[in-house]
**Q** 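I have a structure I would like to understand better, so I am pasting it below and will then ask my questions one at a time.
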Amino acid sequence: HVAGKRGVDIACLPEEFAGTKAEPVPGPTTDAVAALAKQYHMYVICPIREQAGDREYNTAVLLDRKGQVAGYYRKVFVFWGEKVHCSTEGVKVFETDFGRIGILTCFDLNYPELWQRCDDLDAEIVFWPSAYGGGSPLHAFAILYHYYLVPVGAGNIMDITGQPVAPVEKPLPKQFIATLDLDRCFAHYDFNRQKVEKMLKEHAGEIKVERMLSDQDLAPWWLFQATKPGVRARDLLQEHGIETLREYQHRSRRQINEARAKGERI
């Protein structure tokens with residue numbers, strides 16, 4: 001109720017917050033949470049112990065603004081002693097009306113391939129319901145893959161720069177509310193210097209370089225942010241033929257691997 005009354009777009013509950021008695025999806029817990037999602041017109045990530053036929057999973061169920069099941073993620077790397085089955089479906093991302101989200105759970109933190117898969121699938125926010133805070137790996141994944149990272153249960157919400165998000169509202173103990181700007185984006189210095197100079201000149205007052213990471217991080221990246229209502233930084237980059245850092249990295253991986261397979265020089 002607190003999150004809904006504050007107008008949040010998406011809320012995420014802690015890992016298996018309703019206990020470890022398995023139930024189907026939809027079922028009693030998802031039905032109760034779905035009613036709140038519909039009442040407050042918000043998305044809710046509802047992690048439960050799922051009964052799926054003769055199997056049990058540690059499952060995070062995504063409920064949409066109408067209270068409908070929009071998808072689910074079953075934990076891939078189950079911790080010893082949980083007594084649930086390991087997912088065979090792998091990492092998923094979900095389209096919402098504000099952006100593209102991924103979900104990983106607790107012990108999944110230890111397996112970088114899952115976090116890279118979220119990047120491969122263009123997640124803008126990764127939610128991580130967990131029994132502990134996560135610590136430095138969350139900083140690393142956030143900056144490496146350029147998505148926001150929201151740990152649920154403990155820990156700081158991580159910015160795409162790898163630093164804790166601020167400001168964060170804390171209306172109740174262990175409840176955190178933050179506003180995330182999903183339009184902020186990085187671009188690499190490679191091949192873009194003249195394009196960026198032209199864009200900043202032509203769109204003065206509409207977009208700014210929020211940070212040049214090379215100043216202190218030794219990463220040759222710009223971080224862009226729109227400064228005028230109704231203007232999107234990503235649209236301006238596209239207009240000027242500037243790839244975001246993620247686009248550049250993904251295209252480079254694909255083309256270099258293709259050249260490798262053909263035995264071609266780069």
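All values below were derived from every heavy atom in this structure, side-chain atoms included, with hydrogens, water molecules and symmetry-related copies excluded.
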**Q** Enumerate the residue pairs fulfilling ring-ring contact (aromatic ring centres under 6.0 Å, His included) with a member in residues 245-266, sequence neighbours excluded, ordered by first and then second residue.
**A** H188-Y248
**Q** Under the side-chain hydrogen bond (donor to acceptor under 3.5 Å, both in side chains) rule, collect the residues that match up with D9, sequence neighbours excluded.
**A**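 Residues passing side-chain hydrogen bond (donor to acceptor under 3.5 Å, both in side chains) with D9: R65.
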**Q** List for me each residue that meets side-chain hydrogen bond (donor to acceptor under 3.5 Å, both in side chains) alongside E124, sequence neighbours excluded, and say none if there are none.
**A** none
**Q** Quick one: does E197's side chain have a donor or acceptor within less than 3.5 Å of a partner on M199's backbone?
**A** no
**Q** Could you grab the distance from atom CG of D235 to atom NE2 of H203, nearest 0.5 Å is fine?
**A** 10.5 Å
**Q** Between Y72 and Y57, does the ring pair (Phe, Tyr, Trp, His ring centres under 6.0 Å) criterion hold? Intermediate values first, please.
**A** CA-CA 11 Å; Y72 63 87; Y57 297 99; 8.4 Å; no
**Q** Take V84 and K75 through the test side-chain contact (heavy atoms from CB on, under 4.5 Å) and record every step on the way to the result.
**A** CA-CA 9 Å; V84 295; K75 189 174 183 180; over 6 Å; no
**Q** What class does the angle between the rings of F107 and F79 fall in, given that below 30° is parallel, 30 to 60° is tilted and above 60° is perpendicular?
**A** perpendicular
**Q** Quick one: side chain to side chain contact (heavy atoms under 4.5 Å, CB included) partners of A70, sequence neighbours excluded?
**A** L62, D64
**Q** Can you label the angle between the Y147 ring and the W115 ring as parallel, tilted or perpendicular, going by 30° and 60°?
**A**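 Ring orientation, 0 to 90° scale: tilted.
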**Q** Is any side-chain heavy atom of F17 closer than 4.5 Å to a side-chain heavy atom of T29?
**A** yes
**Q** Is it true that L63 and V93 fall in one hydrophobic cluster, defined by side-chain heavy atoms closer than 4.5 Å?
**A** no
**Q** Grab the two heavy atoms, one from D54 and one from H85, that are nearest each other, plus how far apart they are.
**A**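 In this case the closest contact between D54 and H85 is O-CE1, 4.0 Å.
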**Q** With distance as the sole test, does R74 use its side chain to make a donor-acceptor pair with the main-chain N or O of E89 at under 3.5 Å?
**A**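 Absent.
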**Q** Is there a side-chain contact between S130 and L109, using heavy atoms and a 4.5 Å cut-off?
**A** no
**Q** Do C185 and I160 come within less than 4.5 Å of each other through their side chains, counting heavy atoms only?
**A** no
**Q** Look at E56 together with K83 and state whether they make a salt bridge at an N to O cut-off of under 4.0 Å.
**A** no
**Q** Flag yes if L180 and M158 sit in one hydrophobic cluster, no otherwise; membership is Ile, Leu, Val, Met, Phe, Trp, Tyr, and two members link when side-chain heavy atoms are under 4.5 Å apart.
**A**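 Yes, one cluster joins them.
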**Q** Does any part of the side chain of W221, heavy atoms only, come nearer than 4.5 Å to the side chain of R211, both counted from C-beta?
**A** no
**Q** Quick one: salt bridge (charged side-chain N to carboxylate O under 4.0 Å, His left out) pairs with a partner in residues 33-45, sequence neighbours left out?
**A**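 Found none.
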**Q** If hydrophobic clusters are built by linking Ile, Leu, Val, Met, Phe, Trp and Tyr wherever their side-chain heavy atoms come under 4.5 Å apart, do Y111 and L149 end up in the same one?
**A** yes
**Q** Return the minimal non-hydrogen interatomic distance between V165 and A178, and the atom names on each side.
**A** CG1-CB, 4.0 Å
**Q** Which pair of heavy atoms, one from A60 and one from I45, lies closest together, and at what distance?
**A**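 Looking at all heavy atoms of both residues, the shortest contact is CB-CG2, 4.0 Å.
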**Q** How many angstroms lie between CD in E23 and OG1 in T59, if you round to the nearest 0.5 Å?
**A**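 Rounded to the nearest 0.5 Å, the CD-OG1 separation comes out at 10.5 Å.
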**Q** Just jot down the salt bridge (charged side-chain N to carboxylate O under 4.0 Å, His left out) partners of R55, sequence neighbours excluded, or say none.
**A** none
**Q** Under a 3.5 Å distance rule, please check whether W128 uses its side chain to pair with a backbone N or O of C106 as donor and acceptor.
**A** yes
**Q** Taking salt bridge (charged side-chain N to carboxylate O under 4.0 Å, His left out) as the cut-off, I'd like each qualifying pair that reaches into residues 160-170, sequence neighbours left out, listed once.
**A** R6-E169
**Q** Which salt bridge (charged side-chain N to carboxylate O under 4.0 Å, His left out) pairs, counting each pair once, include a residue from residues 257-266, with sequence neighbours left out?
**A** none
**Q** Using a 3.5 Å distance criterion without hydrogens, assess whether the side chain of N192 forms a donor-acceptor pair with backbone atoms of D190.
**A**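 A pair under 3.5 Å: yes.
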**Q** Pairs in or reaching into residues 141-164: which pass salt bridge (charged side-chain N to carboxylate O under 4.0 Å, His left out), with residues at least two apart or in two chains?
**A**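 Qualifying pairs, neighbours excluded: D159-R184.
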**Q** Evaluate V61 against V33 for side-chain contact (heavy atoms from CB on, under 4.5 Å), listing each step before the verdict.
**A** CA-CA 10 Å; V61 181; V33 176; over 6 Å; no
**Q** Quick one: CG on L121 to CZ on F94, what's the gap to the nearest 0.5 Å?
**A**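 If we round to the nearest 0.5 Å, L121:CG and F94:CZ are 10.5 Å apart.
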**Q** Looking at E50 and V25, what are the two nearest heavy atoms and their distance?
**A** CG-CG2, 3.9 Å
**Q** Please check if L182 and M42 belong to a single hydrophobic cluster, counting links between Ile, Leu, Val, Met, Phe, Trp and Tyr side chain heavy atoms closer than 4.5 Å.
**A** no
**Q** Could you walk me through whether V231 and I207 pass the side-chain contact (heavy atoms from CB on, under 4.5 Å) test, one step at a time?
**A** CA-CA 8 Å; V231 173; I207 187 172; 5.6 Å; no
**Q** Test your reading of the model: is there a side-chain donor-acceptor pair from D183 to the backbone of R234, 3.5 Å cut-off?
**A** yes
**Q** Does the side chain of F141 reach to within under 4.5 Å of the side chain of L104, using non-hydrogen atoms?
**A**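 No, side chains not in contact.
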**Q** Verify, without hydrogens or angle tests, whether T244 (side chain) and F186 (backbone) share a donor-acceptor contact under 3.5 angstrom.
**A** no
**Q** With rounding to the nearest 0.5 Å, note down the distance linking CG in L200 to CG in L236.
**A**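 Nearest 0.5 Å value for the CG-CG distance: 9.5 Å.
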**Q** Determine whether W222 and R193 satisfy the following criterion, side-chain contact (heavy atoms from CB on, under 4.5 Å), listing intermediate values before the conclusion.
**A** CA-CA 10 Å; W222 291 285; R193 294 178 186 272; 4.0 Å; yes
**Q** How long is the span from the CZ atom in F77 to the CG atom in N110, to the nearest 0.5 Å?
**A**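 Between atom CZ of F77 and atom CG of N110 there are 9.5 Å.
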**Q** My understanding is that only residues two or more places apart in sequence, or in another chain, count here; which of them pass side-chain hydrogen bond (donor to acceptor under 3.5 Å, both in side chains) with R251?
**A**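 E243, Q255.
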**Q** Between R253 and D120, what is the shortest heavy-atom contact and its length?
**A** NH1-OD1, 3.6 Å
**Q** With rounding to the nearest 0.5 angstrom, report the CZ to CD1 distance, F127 to I157.
**A** 8.5 Å
**Q** Taking all non-hydrogen atoms of both residues, which atom of V76 and which atom of D108 are closest, and how far apart?
**A** N-OD1, 3.6 Å
**Q** Can you list the residues that meet the side-chain hydrogen bond (donor to acceptor under 3.5 Å, both in side chains) rule with T105, with sequence neighbours excluded?
**A**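 Listed in chain order: nothing, the list is empty.
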**Q** Okay, side chain of Y43, backbone of D97: is any donor-acceptor separation there less than 3.5 Å?
**A**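 Answer holds: yes.
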**Q** Hydrophobic cluster membership, with links at side-chain heavy-atom distances under 4.5 Å among I/L/V/M/F/W/Y: are V209 and I242 in one?
**A** yes
**Q** Any carboxylate oxygen within less than 4.0 angstrom of a Lys/Arg side-chain nitrogen, looking at D119 and R246?
**A**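 Salt bridge: yes.
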**Q** Can you list every side-chain hydrogen bond (donor to acceptor under 3.5 Å, both in side chains) pair that touches residues 131-144, not counting sequence neighbours?
**A** none
**Q** For E202, I'd like to know if atom CD has over 12 heavy atoms of other residues, nucleotides or ligands within 6.0 Å.
**A** yes
